[in-house]
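First up is the structure itself, then whatever we jot down about it.
We name chains A, B, ... by the order of the sequence lines, and we start the count at 1 in each one. Values below: all heavy atoms of this structure, side chains included; hydrogens, waters and symmetry mates excluded.
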Amino acid sequence: MIALLPLLTLLPAILIFLVLGKTRVSFRRTRFVFTVYLVFLLLCTGAAFITAAAVETESALNKEITEIDPETSAGEFYAALSEGRVAQLPEVEKNGYWSFTYPGQELSITTAEGEHFEPSIVIERKDINDETIEITSYTSSLKFKGNYLVSPPTVRRRGEKYLELTNGTSNVVTTYIFADDWTMQQFSADRRFPDYHWKLHSLLGEQAVVIRVPKDLQVEVGRGFHVVSLINSDS
Amino acid sequence: MMSFHETNLLSVTKKQFIYKLQANLGILISLMIIQLLALLLSTAGVSSMSVGTNLTIINLKIISGDIIIVFTLIWAFIVGYNTAGNAYRLDYHFVTNRLSSNLASGCFLLLTSLLAGITATFCGVLLRVLLYFWRDLLTTKGLSMAPALLMKGSYVTVLYACLLSALGYFYGMLAQRNKALTVLIPVLFFGSLFAAAKDTRAAQLFRQVLVFYFSESSLALFTLKIVLTVALLFITIILFTNRMEVRK
């Protein structure tokens with residue numbers, strides 16, 4: 001269907017040429033209609049300037065998308081994660097928190113069978129045995145229309161000693177961005193978004209789950225996880 | 001009947017230009033409609049890219065006035081072609097010759113290219129304003145362009161429109177001379193496009209022609225190239241048609 005779009009547009013264009021070729025529009029009427037069109041385009045240009053001036057001062061995203069540093073953002077996130085200070089990063093936010101009372105001695109962390117759990121995990125051992133497991137999900141992804149681009153995982157207890165983490169829901173986001181016309185780009189040094197693909201990856205950000213467990217709880221991590229670090233742990 | 005009025009080239013050209021303008025101004029309505037159709041087509045984005053992880057995918061659609069400009073340039077070519085045909089039918093209501101007819105056509109095409117180039121660029125701004133209200137934008141950057149950039153875009157589009165309308169006029173004149181060329185030229189053109197798909201000498205030549213205009217990064221040199229090409233095309237037409245009969 002998309003392949004047919006140019007044809008569907010060209011057909012009316014050809015028809016217009018054929019019809020207008022036979023219809024004589026008076027000089028005065030043409031001049032009037034075209035002048036109205038020109039004035040309308042000029043008014044729209046003015047409206048674009050006014051609207052842009054109003055919204056660009058409000059939107060933090062404008063700054064983030066153009067000044068993002070893809071080289072360092074992922075590196076900083078994982079360094080902070082392994083050192084247990086990810087919550088302190090300014091661009092990182094908490095997008096999920098769960099807490100369970102767990103009096104047992106052993107805990108097995110699993111995911112749905114055959115699934116690869118996308119967020120990295122960190123297991124942090126507390127200083128006390130408070131019989132409470134706390135799970136926090138962090139993300140550095142941007143908010144789009146009030147929601148994070150990545151969904152938080154699902155966390156639940158299963159059976160006696162299992163903690164099941166499963167991936168959050170899949171998101172497909174369609175968004176638009178303005179680019180200069182090719183007649184403008186031909187003479188500019190930076191052609192169309194040379195590193196934009198990589199910058200978009202940075203917009204998705206990173207996601208990690210920090211699992212805080214009591215001091216003496218024995219933890220076993222199943223397959224399908226990428227464990228970044230074990231904090232305050234002997235092994 | 002013979003006329004005993006003294007005429008000079010400038011006044012005849014001016015009269016013919018005004019006559020052409022009044023007779024053909026209706027094409028500006030078709031320009032408007034073509035640009036608005038292109039605008040509608042552009043609302044889906046002129047190109048797109050996708051990035052994502054296993055869980056999140058961002059489809060990014062890029063909005064620009066490229067389709068509007070391309071449609072406008074096609075329009076400019078058709079207008080050039082039609083002007084050549086009309087020159088044969090309409091010009092001889094005056095005491096005229098081929099030179100004044102070609103000069104008047106040149107002025108007419110220059111004016112239409114000027115209007116087409118400016119409106120095409122500004123129609124791109126209209127597209128941005130509409131999509132600001134209709135679509136979920138990742139960023140509002142680029143909603144408005146710096147006035148200097150807008151002027152530069154208009155100027156370059158006007159130059160491209162001049163080139164395309166001059167090419168259309170040249171083709172139209174050749175077609176008037178020999179009807180076989182009406183078929184032969186498109187066949188050669190599209191044949192070279194197919195050749196361009198393969199790595200042949202013809203392909204390299206075709207690419208070099210495109211690179212000559214489209215990859216020029218100096219605005220002054222680009223202007224010079226377009227002006228010289230258009231001048232060359234019109235000089236060829238004038239020399240070529242000067243020896244033709246007054247009216248076929």
Side-chain angles (χ1 to χ4, degrees), chain A residues 5-6 9 12-13 16-17 20 23-25 27 30-31 33-34 37-38 41-42 44-45 47-49 51-53 55-56 59 61-62 65-66 116 118 141 144-145 149-151 167-168 170-184 186-187 192-193 196-197 200-201 203-204, chain B residues 22 25-30 32-34 37-38 40-41 45 49 51-66 69 71 78 119 121-126 128-129 131-132 135-145 149-150 152-153 156-157 160 214 216-219 222:
Chain A
L5 270 177
T9 314
I16 287 161
F17 265 105
L20 285 178
T23 314
R24 190 151 294 280
V25 185
F27 179 74
T30 306
R31 200 173 56 180
V33 172
F34 198 74
Y37 180 59
L38 275 176
L41 290 180
L42 282 174
C44 281
T45 307
F49 278 115
T51 315
V55 294
E56 282 184 4
S59 176
L61 194 58
N62 289 329
I65 201 164
T66 49
H116 173 74
E118 289 295 325
S141 95
F144 183 67
K145 287 164 64 184
L149 289 173
V150 292
S151 302
N167 287 317
S170 306
N171 290 327
V172 178
V173 176
T174 300
T175 184
Y176 294 78
I177 197 160
F178 298 125
D180 291 342
D181 303 340
W182 59 271
T183 47
M184 297 168 187
Q186 187 173 341
F187 306 99
R192 180 167 296 179
F193 305 126
Y196 217 72
H197 207 262
L200 274 176
H201 265 295
L203 292 181
L204 285 171
Chain B
Q22 289 181 339
L25 206 71
I27 56 163
L28 292 181
I29 303 288
S30 66
M32 266 174 56
I33 296 167
I34 290 289
L37 272 172
L40 275 179
L41 196 68
M49 61 168 83
V51 293
T53 61
N54 288 341
L55 292 177
T56 307
I57 294 167
I58 304 181
N59 293 323
L60 185 75
K61 308 236 175 187
I62 295 165
I63 301 292
S64 75
D66 289 359
I69 291 169
F71 272 50
I78 295 170
T119 50
T121 308
F122 281 70
C123 200
V125 180
L126 170 64
R128 286 156 200 265
V129 174
L131 292 184
Y132 171 72
R135 303 286 194 200
D136 297 321
L137 296 170
L138 185 62
T139 167
T140 54
K141 251 203 166 25
L143 172 61
S144 76
M145 287 173 275
L149 188 65
L150 210 56
K152 194 202 270 181
V156 175
T157 315
Y160 273 123
F214 291 98
E216 180 54 63
S217 56
S218 159
L219 190 59
F222 176 76

Do B/Val156 and A/Trp182 touch side chain to side chain, with heavy atoms closer than 4.5 Å? no

Take B/Leu28 and A/Arg31 through the side-chain contact (heavy atoms from CB on, under 4.5 Å) test and state the conclusion after the steps. CA-CA 9 Å; B/Leu28 292 181; A/Arg31 200 173 56 180; over 6 Å; no

If I compare all heavy atoms of B/Leu126 with all of A/Cys44, which pair ends up nearest, and what's the gap? CD1-SG, 3.2 Å

About how many Å separate OG1 of A/Thr51 and OH of B/Tyr132, when rounded to the nearest 0.5 Å? 6.5 Å

Looking only at heavy atoms, which two atoms of A/Ala179 and B/Ile62 are closest? And how far apart? CB-CG2, 3.4 Å

Measure across A/Asp181 and B/Asp66 and return the closest heavy-atom pair with its distance rounded to 0.1 Å. CA-OD1, 3.3 Å

Of the non-hydrogen atoms in B/Cys123 and A/Tyr37, which two are nearest, and what is the gap between them? SG-OH, 3.6 Å

Ranked by heavy-atom pairs below 4.5 Å to chain A, first place among B/Leu149, B/Val129, B/Leu40 goes to B/Leu149

Considering only heavy atoms and a distance below 4.5 Å, find which of B/Met145, B/Met32, B/Lys152 pairs most often with chain A. B/Met32

Contacting region of B/Leu25 [heavy-atom separation from chain A under 4.5 Å]: both

Any side-chain heavy-atom pair of A/Ile177 and B/Ile63 under 4.5 Å: no

Between A/Tyr176 and B/Leu60, what is the shortest heavy-atom contact and its length? C-CD1, 4.5 Å

Counting C-beta onward and ignoring hydrogens, is there a side-chain heavy-atom pair between B/Ile57 and A/Val173 closer than 4.5 Å? no

Ignoring hydrogens and geometry, is there a side-chain-to-backbone donor-acceptor pair from A/Gln186 to B/Phe214 under 3.5 Å? yes

With side chains defined as the heavy atoms from C-beta onward, is the minimum distance between A/Thr45 and B/Leu150 less than 4.5 Å? yes

Is the shortest heavy-atom distance from the side chain of A/Val33 to the side chain of B/Ile29 under 4.5 Å? yes

Heavy-atom closest pair, residues A/Phe178 and B/Leu131: CE2-CB, 4.4 Å

Any B/Val125 side-chain heavy atom under 4.5 Å of A/Leu41 side chain: no

B/Lys61 and A/Thr175, any side-chain heavy atoms less than 4.5 Å apart: no

